[in-house]
Each structure stands twice: as structure tokens, then as C-alpha cells.
Amino acid sequence: MAYTEDHIALAAEYALGTLDADERAQVETMMAVDEAFAAIVQAWSFRLGGLNQMVGSIEPRPIVWENIRAEIARTAQAQQPPALAEASPPPPPAPELPAAEAAQPATETAPTPAGSQAEAAPPEMPRPEPDTLADVAPQFIPQVHAPDLAVARAPQAAVVDDGNVIRLEGRIRRWRSIASVAGALAAALLVTLSLQIFLPDALPNGLRPAPRIQTVEVKAPAAPLAASAQYVALLQGQAGGPAFILTVDGATRNFTVRKVGATPEPGKSFELWLISDKLPRPRSLGVIGSGDFTARPLLASYDAEIVNGATYAVTVEQAGGSPDGRPTSAPVFSGKLIETVPPSQPQAPAKN
């Protein structure tokens with residue numbers, strides 16, 4: 001299942017502990033039914049677990065617990081059902097008639113002689129006191145009138161859908177949470193890297209960098225040419241006969257080539273080459289002259305290790321040598337230097 005950024009943000013906030021009760025219940029439900037999502041939450045918990053190792057426990061202030069208790073009590077009181085409405089008051093009692101009016105029916109029903117009825121004066125009606133008001137229950141009479149034209153013609157207010165606003169606020173809160181988590185991770189990584197570089201002993205064993213072991217191979221240099229030693233190389237071909245004798249002075253590194261049995265072909269020249277695995281290609285030491293001896297100081301520009309371990313070869317080139325500084329044919333004579341004259345040793349003083 002592909003998870004969106006909102007799912008990943010929910011997992012990170014759940015591991016960080018910044019969700020409310022409803023969102024935590026939603027995440028726990030998703031973890032119960034989706035093992036992959038539970039693995040994402042566990043991965044975030046593992047990443048953010050390093051923060052707990054770097055921060056010590058802090059005891060909250062007493063006022064924090066008091067505020068929590070007050071909020072719990074207020075929430076419990078708000079969740080209680082409202083009390084039943086008080087019983088409506090009883091209807092007002094019927095108005096009492098005056099005593100004279102109450103006694104009047106009895107007087108009218110009583111039998112009287114005919115003569116007395118003629119002589120009796122008509123009874124006087126009692127007058128209500130001016131300050132006495134009848135106890136009559138008030139009645140609401142709705143007032144009916146024509147509608148106000150200004151109110152009737154007023155346009156109705158448009159209904160605003162706040163759904164998009166609410167969703168946008170949720171996304172902003174998600175992104176702020178993601179930014180907070182990313183900032184916390186970046187700060188933790190920066191602190192961890194700084195401690196690994198400068199104070200590795202201050203970190204737990206699991207976060208300390210592994211010691212680096214570097215193996216360095218040191219090659220012992222070849223023995224340099226002794227200052228007063230003499231070296232010689234016998235340059236010969238496959239037939240076995242010597243063709244040239246190369247002599248090198250250990251002090252000046254000048255060399256001399258003595259022609260022994262080699263004869264150049266007409267229109268050709270012998271050229272001397274220095275071949276070493278320290279160099280990318282053979283280096284020319286010049287054309288061997290037509291005389292019996294050819295001396296040159298070209299070896300002074302090479303290291304003693306190269307001069308001592310190189311192979312010296314002779315090729316047949318066109319008259320005047322190779323045109324491009326590279327041998328154009330295979331070597332016909334070759335050899336290596338050997339020490340012929342040991343360096344002079346200081347004499348010990350004579351004992352008396």
C-alpha cells in the first residue's frame with residue numbers, strides 16, 4: 001500500500017507524542033489492521049528514540065499537576081447531562097368573588113312573601129375597590145402586520161462552506177508538525193555528529209563511531225648508488241656475445257658506453273634506452289656515437305632507485321635516432337647494472 005505524506009506525518013507525530021486522543025486512537029486502529037503502517041510507526045520510534053538518550057528526565061512543577069486536575073474536573077463536569085427542567089408553575093387560581101356576590105344567589109333562591117318582595121328595595125351591587133386589579137393570567141396575542149419592504153427586499157447572506165478552510169488548517173498543522181519533526185531530527189543529527197567528531201566518549205556505546213584502522217604499506221627504497229662506487233652493465237644480445245659495456249659513476253651519475261662488438265648497419269644508428277617499471281614508457285639516453293666511447297650526463301636527472309634497478313637496452317633506429325622519442329624496434333642488446341668497485345671504507349686508526 002502506498003502511503004501519503006499525511007500518513008507518514010501521523011506516524012511521526014504518534015512516535016513523537018504530539019497527537020490528541022482522537023488522532024492517537026485513529027493511529028492505533030490503523031496499526032492494528034495494517035502491519036506495514038505499524039512498521040512505519042516503529043521505524044519513527046527507533047529514529048526518535050535517540051533523543052531520549054540525550055535528554056535527561058525533568059520533574060514537572062507542582063502547578064502543572066494542579067492545572068491537569070482542574071482541567072479533568074472541568075471536562076467531567078461539562079460532560080454530565082443537564083438537570084431536568086423545573087416543573088412549570090401551577091396555573092393561577094380563579095379570582096374570588098366578593099362576599100356580597102357569593103351570597104346573592106342564595107338570597108335570590110330563598111322564598112319570600114309576596115308583600116315583602118314588593119316593599120324590599122333592590123340590592124345594591126358592590127363596587128370594586130379602585131386599587132384592586134383582577135388576577136387574570138396574561139395572554140399573548142401575536143401581532144399581524146404587513147412585512148417591511150426594506151427587510152423583504154434585502155438579499156440573503158450567502159452560505160459559506162468552511163470545509164475547505166478546515167481541511168487547509170489541518171494540512172497546515174500537519175506540515176508544521178512535519179517541519180518540527182524534521183527540525184528536531186536535524187538538530188539531533190548535528191549534535192550527534194559534533195559529539196562523534198569532538199567528544200565521542202560522551203555518546204552511548206551504540207552511537208560511538210567505530211575506530212578506523214588504516215593499513216599503510218611502506219616500501220623500503222632501494223639502496224641508492226654509493227657516492228664513490230662504480231657500476232657496469234654488459235649489454236649483449238641473444239647470441240651471448242657482448243656488444244656494449246655501460247659504465248656508471250656513482251658520484252656524478254655520468255655514464256660511458258664502450259663499443260665492443262656491435263657494428264651498425266648502413267644508414268642506421270644504435271640508440272640507448274632506460275626501461276623501468278617506475279616510468280610509463282622507455283626513456284631515450286641518446287644515440288651511441290660511431291666512436292669507441294660515448295659519454296653523457298643524462299642519468300643525473302633520474303632517482304638513484306630508478307638508475308640502480310632499470311634495464312638498459314639498445315635498439316636499431318634510423319640515422320640520428322628515433323624521430324618521436326619512442327623505440328621503433330625491439331631491443332637487440334640489453335643488460336642491468338652491477339657493482340664492480342665497492343665504495344672506499346674509512347681506514348681505522350693504527351693501534352700503538
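If you read the sequence from its start, that first residue is 1, and numbering goes on from there.
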Name all residues meeting the ring-ring contact (aromatic ring centres under 6.0 Å, His included) criterion together with F270; count only those two or more places apart in sequence or in a different chain, and write none if there are none.
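Expected list: F244.
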Does the side chain of [Y] come within less than 4.5 Å of [X]'s, by heavy atoms?
| X | Y | answer |
| --- | --- | --- |
| L274 | L279 | yes |
| L299 | N254 | no |
| R174 | E5 | no |
| R24 | V27 | no |
| I245 | V232 | yes |
| L272 | F255 | yes |
| L185 | L48 | yes |

My understanding is that a hydrophobic cluster links ILVMFWY residues whose side chain heavy atoms are under 4.5 Å apart, including indirect links. Using that, what else belongs to the cluster containing V33?
none
Connected to I63, directly or through other members, by ILVMFWY side-chain contacts below 4.5 Å are V64, W65, I68, I72
[X] side, atom [atom1]; [Y] side, atom [atom2] - distance, nearest 0.5 Å:
| X | Y | atom1 | atom2 | answer |
| --- | --- | --- | --- | --- |
| D303 | R253 | CG | CZ | 7.0 Å |
| L10 | L19 | CG | CG | 6.0 Å |
| T328 | Q318 | OG1 | CD | 7.0 Å |
| Q230 | I338 | CD | CD1 | 12.5 Å |
| T18 | R176 | OG1 | CZ | 14.0 Å |
| L189 | R47 | CG | CZ | 10.5 Å |

Those residues at least two apart in sequence (or on a different chain) that pass salt bridge (Lys or Arg N to Asp or Glu O under 4.0 Å) with R74 are E71
Write down the atom of [X], the atom of [Y], and the distance for their closest heavy-atom approach.
| X | Y | result |
| --- | --- | --- |
| S269 | G321 | CB-N, 4.4 Å |
| V181 | A12 | CG1-CB, 4.3 Å |
| V287 | G320 | CG2-O, 3.6 Å |
| Y312 | L235 | O-CD2, 3.4 Å |
| G289 | T294 | N-OG1, 3.0 Å |
| P331 | T315 | CA-CG2, 3.7 Å |

Check whether the side chains of [X] and [Y] place a donor and an acceptor atom closer than 3.5 Å, and report yes or no.
| X | Y | answer |
| --- | --- | --- |
| S177 | E13 | yes |
| E271 | S322 | no |
| T4 | D6 | no |

Verify the cluster assignment for [X] and [Y]: are they in a single hydrophobic cluster under the rule of side-chain heavy atoms below 4.5 Å apart?
| X | Y | result |
| --- | --- | --- |
| I8 | M31 | yes |
| V260 | V248 | no |
| L234 | F333 | no |
| V332 | L285 | yes |
| M30 | I40 | yes |

Across all chains, not counting sequence neighbours, the side-chain hydrogen bond (donor to acceptor under 3.5 Å, both in side chains) partners of D292 are none
What residues, two or more places apart in sequence or in another chain, satisfy side-chain hydrogen bond (donor to acceptor under 3.5 Å, both in side chains) together with S180?
none
Report the relative orientation of the aromatic rings in Y3 and F37; use parallel for angles under 30°, tilted for 30 to 60°, perpendicular for over 60°.
tilted
Can you tell me if CZ on R281 sees more than 12 non-hydrogen neighbours from other groups inside 6.0 Å?
yes
Atom CD of E23: over 12 foreign heavy atoms under 6.0 Å:
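For E23, atom CD is crowded (more than 12 foreign heavy atoms under 6.0 Å).
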Donor-acceptor pair, K259 side chain versus A243 backbone, under 3.5 Å?
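No, because the side chain of K259 does not come within donor-acceptor range (under 3.5 Å) of the backbone of A243.
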Lys/Arg-Asp/Glu bridge criterion (N-O < 4.0 Å) met for K278, E305:
yes
